[in-house]
Protein chains: 2
Amino acid sequence: MKASSLHGHLDALILSVVEDGPLHGYAIIEALRARSDGALDLPTGTVYPALRRLERTGHLRSEWSNVAGRDRRTYRLTTGGKQALATQRGEWREFRDVVSAVLGTA
Amino acid sequence: MKASSLHGHLDALILSVVEDGPLHGYAIIEALRARSDGALDLPTGTVYPALRRLERTGHLRSEWSNVAGRDRRTYRLTTGGKQALATQRGEWREFRDVVSAVLGTA
DNA sequence: GGCGATATGTAGACTGGCGACATGTTGTCA
DNA sequence: TGACAACATGTCGCCAGTCTACATATCGCC
């Protein structure tokens, strides 16, 4: 699937997979792939900048750790992030319904 | 609704409203607004460039006319445009289902 | 030693939607 | 007559966000 069509919806997807528990970047990419049955295979150049953006806006917070000799930056949802996710879920539903209605793909 | 989330989906929406019969730019904007119950209110700076793009790629063809003293450029779907619309409807369905699945907004 | 998987990141290009602007006509209302 | 909304088309430059390609490093396996 063309991930470029995600434009503007990626943030919600990331927040959504982190909702179930803290994850580091690489694991987030895998979680998105798993949850979408392989349809979403996002490049690191897309995800890592998005994570820093989400941290900058206060929706995520990160913490470094080392697991089996590998450095990990683990992200978790903030309170603001939870609210943002709820808002964005609502916006997604509206967007989805509007586009489906216009396209006649209800 | 934030129309910026349209990114990449606008072409399909335009092709879809033109599918029912030739329309000029201004009427396309109105048709999108009507079909979406007011949710889609696109600025001319978005729609007109998109129409020229769609004509450049051969999905639309245009013709000038004059109605009640006003110049109109009326667009209609080409054969290629019909095929493109069918393809994009399929892509939309997939995109919609994937995002809904990940967000849990099924 | 090499390679694939794990892990993070940046730089620059490209695309597309948006706000602001520019232009002109028609119809309406005071 | 003059102002203003609606009709109608279009451009320009900005900006946000995604992608490609690159850079770096560890671990486990063969």
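Only this structure's heavy atoms are used, side chains among them; waters, hydrogens and symmetry mates stay out. Here is how names work: the chains are called A, B, and so on, in the same order as the sequence lines, proteins then strands, and each is numbered from 1.
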### Query
Any side-chain N or O of Arg72(B) less than 4.0 Å from the OP1 or OP2 oxygen of dC7(D)?
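No, outside the criterion.
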### Query
Is Thr78(B) reaching over with its side chain to a backbone N or O of Gly58(B), donor-acceptor style, under 3.5 angstrom?
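Between the backbone of Gly58(B) and the side chain of Thr78(B) there is a qualifying donor-acceptor contact (under 3.5 Å).
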### Message
Using a 3.5 Å distance criterion without hydrogens, assess whether the side chain of Arg96(B) forms a donor-acceptor pair with backbone atoms of Thr105(A).
### Response
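Flag set: sc Arg96(B) to bb Thr105(A) pair under 3.5 Å.
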### Query
Who are the side-chain hydrogen bond (donor to acceptor under 3.5 Å, both in side chains) partners of Glu55(A), not counting sequence neighbours?
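Here the qualifying residues are Ser62(A).
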### Query
Hey, can you pull the residues of residues 52-70 of chain A with a non-hydrogen atom under 4.0 angstrom from DNA chain C?
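Close to the strand are Arg52(A), Trp64(A), Arg70(A).
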### Message
Counting only heavy atoms from other residues, nucleotides and ligands, does the tally under 6.0 Å from CD of Glu30(A) exceed 12?
### Response
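Counting neighbours around CD of Glu30(A), more than 12 heavy atoms of other residues, nucleotides or ligands fall under 6.0 Å, so yes.
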Rounded to the Å, how far apart are [X] [atom1] and [N] [atom2]?
X: Glu30(B); N: dA6(D); atom1: CD; atom2: P; result: 11 Å
X: Phe95(B); N: dT18(D); atom1: CZ; atom2: P; result: 10 Å
X: Ile29(A); N: dA5(C); atom1: CD1; atom2: P; result: 15 Å
X: His24(A); N: dA25(D); atom1: NE2; atom2: C1'; result: 15 Å
X: Leu6(A); N: dC19(D); atom1: CG; atom2: P; result: 7 Å
X: Leu10(A); N: dT18(D); atom1: CG; atom2: P; result: 5 Å
X: Arg73(B); N: dA8(D); atom1: CZ; atom2: C1'; result: 12 Å
X: His7(B); N: dT15(C); atom1: NE2; atom2: P; result: 11 Å

### Query
Is there a side-chain contact between Val98(A) and Asp37(B) (heavy atoms, below 4.5 Å)?
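No, too far: nothing below the 4.5 Å cut-off.
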#### Entry: Whether Phe95(A) and Trp92(B) hold their rings parallel, tilted or perpendicular, with breakpoints at 30° and 60°
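Because their plane-to-plane angle is over 60°, the rings of Phe95(A) and Trp92(B) count as perpendicular.
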Would you give me the side-chain donor-acceptor pairs under 3.5 Å for residues 41-54 of chain A, sequence neighbours excluded?
from: Asp41(A); atom 1: OD1; to: Arg33(A); atom 2: NH1; distance (Å): 2.6
from: Arg53(A); atom 1: NH2; to: Asp11(A); atom 2: OD1; distance (Å): 3.1

### Query
Is there any salt bridge (charged side-chain N to carboxylate O under 4.0 Å, His left out) pair reaching into residues 15-26 of chain B, and which pairs are they, with sequence neighbours excluded?
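Counting only pairs at least two positions apart or across chains, the salt bridge (charged side-chain N to carboxylate O under 4.0 Å, His left out) contacts touching residues 15-26 of chain B are Glu19(B)-Arg89(B), Asp20(B)-Arg35(B).
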### Message
Quick check on contacts: within residues 40-51 of chain A, what sits under 4.0 Å from DNA chain D by heavy-atom distance?
### Response
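Going residue by residue through residues 40-51 of chain A, the ones with a heavy atom under 4.0 Å of DNA chain D turn out to be Pro43(A), Gly45(A), Thr46(A).
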Taking distance alone, no hydrogens or angles, what donor-acceptor pairs closer than 3.5 Å link side-chain atoms of residues 66-75 of chain B to residues at least two apart or in another chain?
from: Asn66(B); atom 1: OD1; to: Gly69(B); atom 2: N; distance (Å): 3.1
from: Asn66(B); atom 1: ND2; to: Asp71(B); atom 2: OD1; distance (Å): 3.0

